[in-house]
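Chain naming here is simple, since letters A, B, ... match the order of the sequence lines and numbering starts at 1 in each.
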2 protein chains.
Amino acid sequence: MAADLELRRFMTKVARMYYTHGIRQIEIASSLGISQARVSRLLQAAEQAKIVRTIVVIPEGLHAEIEEDLQARYGLSQVHVVEALDPSDEAGINRDLGEAAALILGAMQLSGKTIGFTSWSRSLRSLVAALEPSKKRSDATRIVEMLGDVGPPQLQHDSTQSTQRFADLVGGTPLFIRAPGVLSSAEVRDAMMNYDVHTREAIAALDELNVALVGIGTCNIDAPLEPGGNFFTVEQFEMVKSLGAVGQINLRFIDAEGIPIESELDSLVIGVTLAQLPAHGGRFAVAGGRSKYEAVRAALRGHWIDTLVTDMETAERLLRE
Amino acid sequence: MAADLELRRFMTKVARMYYTHGIRQIEIASSLGISQARVSRLLQAAEQAKIVRTIVVIPEGLHAEIEEDLQARYGLSQVHVVEALDPSDEAGINRDLGEAAALILGAMQLSGKTIGFTSWSRSLRSLVAALEPSKKRSDATRIVEMLGDVGPPQLQHDSTQSTQRFADLVGGTPLFIRAPGVLSSAEVRDAMMNYDVHTREAIAALDELNVALVGIGTCNIDAPLEPGGNFFTVEQFEMVKSLGAVGQINLRFIDAEGIPIESELDSLVIGVTLAQLPAHGGRFAVAGGRSKYEAVRAALRGHWIDTLVTDMETAERLLRE
DNA sequence: AACGCAAGTGTATCAAGATTCGCCGCTTGC
DNA sequence: GCAAGCGGCGAATCTTGATACACTTGCGTT
């Protein structure tokens with residue numbers, strides 16, 4: 001314990017000498033009476049311990065032109081385009097997008113706001129993974145889950161943790177929806193919505209969202225949204241597709257023009273409705289990759305999004321097609 | 001211009017590959033069809049261009065014990081102790097303190113506040129140098145100079161720039177005091193205070209400070225406070241010293257117990273008075289080094305400070321003596 | 001008490017990255 | 001139109017930092 005603290009001090013000292021003052025490892029070593037190897041190891045440890053952080057800032061307006069074009073075309077208030085290393089590697093894209101989004105979010109004023117979040121989106125989970133802690137705590141800040149549980153129990157745990165971590169990092173209080181995201185009937189859903197105090201609180205907060213980090217999804221079943229008792233069946237997906245659905249925002253389906261598709265599926269979902277999304281400037285989406293293109297375009301056309309973080313390829317297609 | 005943008009994109013791309021994805025320089029080189037040397041140079045350039053930032057975070061509570069002791073002893077609300085590399089190198093200490101203070105300030109909620117600032121303090125100028133831009137703009141945030149000009153014209157330019165830069169970085173509007181800091185008589189001072197519109201505005205804002213980044217100084221003349229028409233003379237310094245002065249806060253003198261020393265010098269200064277300092281939690285000082293010890297202790301005893309960033313040696317002496 | 005094991009350190013060595021040097025292509029001035 | 005100058009690039013080289021290996025030390029076990 002005390003040794004641990006001493007070690008942290010030492011790491012910090014060495015890290016400051018190396019990074020801040022630019023002193024060579026050998027010089028640090030000799031001035032502290034240790035070996036160069038130890039200095040190297042201490043620096044590694046310091047990096048591990050997050051004492052040293054190396055971040056790559058994406059300069060404002062790097063892709064100014066394409067971003068402005070997108071803003072103009074879809075009436076967005078903010079667009080960020082990230083260059084993906086490999087446009088076909090969806091997992092990689094999500095990591096990159098999450099990281100970029102984390103930086104942007106870090107610069108946003110969130111304290112005191114009610115923030116809708118859903119950890120059923122891979123890119124949003126990447127965002128949480130990349131987010132850096134901010135010291136600004138505020139109990140008035142609320143992080144509300146916008147969708148009930150979906151998928152196997154293991155994932156549910158991940159999800160809860162993700163929300164919790166997100167709340168910790170932005171310094172707010174999490175409100176969980178402790179109920180399945182999709183139920184077998186409207187009656188069961190209504191019962192579940194009122195079952196748990198915390199869930200009721202969260203659901204109530206959905207009417208007061210200031211910012212929503214929405215997940216945009218396709219109409220195909222893919223991880224982590226795997227088939228299960230608390231998710232739509234293949235048949236249900238086929239049904240909404242036949243009604244014209246090309247994507248969904250937190251499991252609310254929309255067609256290619258972004259117009260909501262009303263169906264009985266709506267009444268099976270415990271989660272935010274499109275009408276509940278915050279009014280303006282607070283609809284934040286992180287989505288990219290080839291598979292999501294149709295869904296993203298639909299979401300933009302329907303103006304369900306006003307701040308978008310996406311990859312270069314998607315951005316270009318959104319302008320071209 | 002366009003080439004510059006392209007270069008920045010390229011630097012960002014390479015930087016992301018290297019730092020974020022951890023790819024070796026040679027691999028980056030071959031995958032982009034350039035030489036390893038160029039990758040190295042691009043990375044250097046990216047660092048230069050602040051696209052890559054490596055920061056050493058001083059972990060919370062590294063020196064928890066000593067900080068808590070200081071808090072308790074002097075009724076401070078926040079203390080940060082920084083380990084100085086060389087306790088006798090005052091310039092180095094100031095850089096270190098400035099850097100630490102910049103990190104702390106970066107985590108503070110400043111938007112909408114009226115912030116008093118003075119660039120006649122070396123440590124505060126170091127702070128500005130180390131501060132990183134925050135995107136959070138707010139026109140309601142005001143940065144007010146707390147002291148008129150002091151020293152030769154060259155320094156005055158630096159000072160203005162420092163204030164301007166500080167305002168830019170925290171996203172606020174600067175209010176300058178365009179008048180000498182010290183005048184030859186009370187009459188001249190009163191005339192100067194009303195001479196310029198901007199100055200009047202700034203002076204008025206001093207009554208509404210939410211946060212003050214105060215400068216703590218000794219009673220000796222040293223750079224940048226060199227003798228000049230707009231500064232106290234050696235005789236004046238000797239005079240207040242004979243009245244018991246051991247230090248000054250923005251040129252307001254205090255004795256060893258922190259009690260203000262009233263003298264005719266007060267009426268010669270254009271700047272914030274001790275009474276105008278914000279009520280609680282907003283008196284932020286960055287000061288350390290052997291020479292300033294007496295002054296810091298006096299400031300603490302008088303409770304003119306409630307948030308302190310200082311060096312280890314000073315911290316220890318403050319507890320010991 | 002002796003042994004075995006794990007954690008941590010230093011030495012020597014190896015790999016990675018920085019730098020030097022010379023080449024090439026472009027601009028600029030005569 | 002040509003030579004001089006300049007800037008940027010890559011190959012080779014050198015420096016710096018990472019790592020493998022061996023050794024010590026401290027602690028728990030037999």
**Student:** With the sugar-phosphate defined as primed atoms, P, OP1 and OP2, and the base as all remaining atoms, what B/S/- string results for nucleotides 12-23 of chain D, 5' to 3', for protein heavy atoms under 4.0 Å?
**Tutor:** ----SBBBB---
**Student:** Assess whether a salt bridge exists between A/Glu313 and A/Arg290, defined as any Lys/Arg side-chain N lying under 4.0 Å from an Asp/Glu carboxylate O.
**Tutor:**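 Counted as a salt bridge, because a side-chain N and a carboxylate O are separated by less than 4.0 Å.
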**Student:** Any idea which heavy atoms bring B/Glu27 and B/Ser30 closest together, and the distance?
**Tutor:**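 Nearest heavy atoms, B/Glu27 then B/Ser30: O-OG, 3.1 Å.
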**Student:** Decide, yes or no, whether a salt bridge links A/Asp158 with A/Arg125 under the criterion of side-chain N to carboxylate O below 4.0 Å.
**Tutor:**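 No, A/Asp158 and A/Arg125 are not salt-bridged.
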**Student:** What is the distance, rounded to the nearest whole Å, between atom CD1 of B/Ile34 and atom C1' of C/dG17?
**Tutor:**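 It works out to 14 Å between those atoms.
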**Student:** C/dG8 P sits how many Å from A/Glu6 CD, rounded?
**Tutor:**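 Value for this atom pair: 15 Å.
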**Student:** Using a strict threshold of under 4.0 Å (side-chain N to carboxylate O), is an ion pair present between A/Glu6 and A/Arg9?
**Tutor:**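 Yes, charged N to carboxylate O under 4.0 Å.
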**Student:** I need the minimum non-hydrogen distance between A/Glu83 and A/Asp96, along with the two atoms involved.
**Tutor:**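 Shortest heavy-atom contact: O-OD2, 4.2 Å.
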